[in-house]
S.K.: 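Please find one structure pasted underneath; my questions will follow.
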Amino acid sequence: QVQLVESGGGLVQPGGSLRLSCAASGSIFNFPSMGWYRQTPQKQREWVAGVTSGGNTTYADSVKGRFTISRNNAKNTVYLQMNHLKPEDTAVYYCNAPRVVAGILNDYWGQGTQVTVSS
């Protein structure tokens with residue numbers, strides 16, 4: 001069982017930056033990919049960014065060029081650097097780590113961290 005704990009959220013003005021962290025209780029080495037999602041009360045949870053164990057990254061069009069995802073396997077941590085934040089980035093951000101074991105998908109989620117972009 002792996003637990004994920006997000007941190008780094010908060011209130012920031014438009015144009016500002018935040019860095020989210022997702023710390024895993026166990027090794028993330030065996031997770032082939034990890035990602036960040038976000039959710040608002042008005043929308044379904046949406047995928048934001050993903051990173052493979054080899055460091056390849058992908059992004060939603062809405063955050064491309066502004067957000068950077070990275071992972072540090074030695075520290076069992078995944079990061080999301082968010083720059084040039086916009087009010088529409090306001091959401092609860094969740095860390096996700098899926099892994100298939102013996103043919104069964106284990107989908108791990110953190111508890112979420114609130115990001116509010118407002119002047």
S.K.: Nearest 0.5 Å, what's the CD-OG1 distance between Gln114 and Thr90?
M.R.: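 One finds 7.5 Å between CD of Gln114 and OG1 of Thr90.
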S.K.: Which atoms form the tightest heavy-atom contact between Ala49 and Tyr59, and what is the distance?
M.R.: CB-CD2, 3.6 Å
S.K.: Would you check if the side chain of Thr113 reaches a backbone N or O of Gly9 as a donor-acceptor pair within less than 3.5 Å?
M.R.: yes
S.K.: Taking atom CD of Glu46 as the centre, does the number of heavy atoms from other residues, nucleotides or ligands within less than 6.0 Å exceed 12?
M.R.: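 Counting other residues, nucleotides and ligands, CD of Glu46 exceeds 12 neighbours.
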S.K.: If we only count heavy atoms from C-beta on, is the Leu85 to Leu18 side-chain gap below 4.5 Å?
M.R.: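 Answer yes - side chains close enough.
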S.K.: Hydrophobic clusters here meaning ILVMFWY residues chained together by side-chain heavy-atom distances under 4.5 Å, can you tell me if Tyr79 and Trp36 are in one?
M.R.: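 Different clusters.
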S.K.: So Val78 and Ile69, do their side chains get closer than 4.5 Å, heavy atoms only?
M.R.: yes
S.K.: Apply the hydrophobic cluster definition, ILVMFWY joined by side-chain contacts under 4.5 Å directly or through others, and give me every member besides Val92.
M.R.: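 Tyr37, Trp47, Tyr94, Trp109, all in the cluster of Val92.
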S.K.: About how many Å separate OG1 of Thr58 and NZ of Lys64, when rounded to the nearest 0.5 Å?
M.R.: 8.5 Å
S.K.: Is it true that a side-chain atom of Ser62 and a backbone atom of Ala60 form a donor plus acceptor pair closer than 3.5 Å?
M.R.: no
S.K.: Is there a salt bridge (charged side-chain N to carboxylate O under 4.0 Å, His left out) between Asp107 and Arg99 once you walk through the steps?
M.R.: CA-CA 6 Å; Asp107 210 10; Arg99 184 172 62 185; over 6 Å; no
S.K.: Going by heavy atoms in the side chains, are Leu105 and Pro98 under 4.5 Å from each other?
M.R.: yes
S.K.: Under the criterion side chain to side chain contact (heavy atoms under 4.5 Å, CB included), I'd like the reasoning laid out for Met34 against Cys95: C-alpha separation, chi angles, the key distance, then a yes or no.
M.R.: CA-CA 8 Å; Met34 297 184 69; Cys95 180; 4.2 Å; yes
S.K.: Can you check whether Leu11 reaches Ser118 side chain to side chain, under 4.5 Å on heavy atoms?
M.R.: yes
S.K.: Check for a donor-acceptor pair, side chain of Thr57 on one end and backbone N or O of Val51 on the other, with a separation under 3.5 Å.
M.R.: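 Absent.
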S.K.: Would you tell me whether Asn83 and Ser17 have side-chain atoms, one donor and one acceptor, within less than 3.5 Å of each other?
M.R.: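 On atom types as modelled, these side chains qualify, holding a pair under 3.5 Å.
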S.K.: Quick one, Val117 with Gln13, criterion side chain to side chain contact (heavy atoms under 4.5 Å, CB included). Give me CA distance, side-chain angles, the key distance, then yes/no.
M.R.: CA-CA 5 Å; Val117 184; Gln13 293 186 342; over 6 Å; no
S.K.: Just so I know, are the side chains of Arg66 and Lys86 near enough to count as touching, which here means a heavy-atom distance under 4.5 Å?
M.R.: yes
S.K.: Would you compute the distance between atom SG of Cys22 and atom CG of Asn76 and round it to the nearest 0.5 angstrom?
M.R.: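 The SG atom of Cys22 sits 10.0 Å away from the CG atom of Asn76.
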S.K.: Taking atom CD as the centre, does Gln44 end up with more than 12 heavy-atom neighbours from other residues, nucleotides or ligands that are less than 6.0 angstrom away?
M.R.: no
S.K.: Does the side chain of Arg19 reach to within under 4.5 Å of the side chain of Leu80, using non-hydrogen atoms?
M.R.: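 Arg19 vs Leu80: side chains apart.
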S.K.: Mind checking ring-ring contact (aromatic ring centres under 6.0 Å, His included) for Tyr93 and listing every partner two or more places apart, or none if nothing turns up?
M.R.: none
S.K.: Would you indicate whether the side-chain heavy atoms of Arg71 and Thr77 approach each other to under 4.5 Å?
M.R.: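 Of all side-chain heavy-atom pairs linking Arg71 with Thr77, none is under 4.5 Å.
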S.K.: Under a 3.5 Å distance rule, please check whether Glu6 uses its side chain to pair with a backbone N or O of Gln111 as donor and acceptor.
M.R.: yes
S.K.: Could you tell me if the side chain of Arg38 sits less than 4.5 Å from the side chain of Arg45, heavy atoms only?
M.R.: no
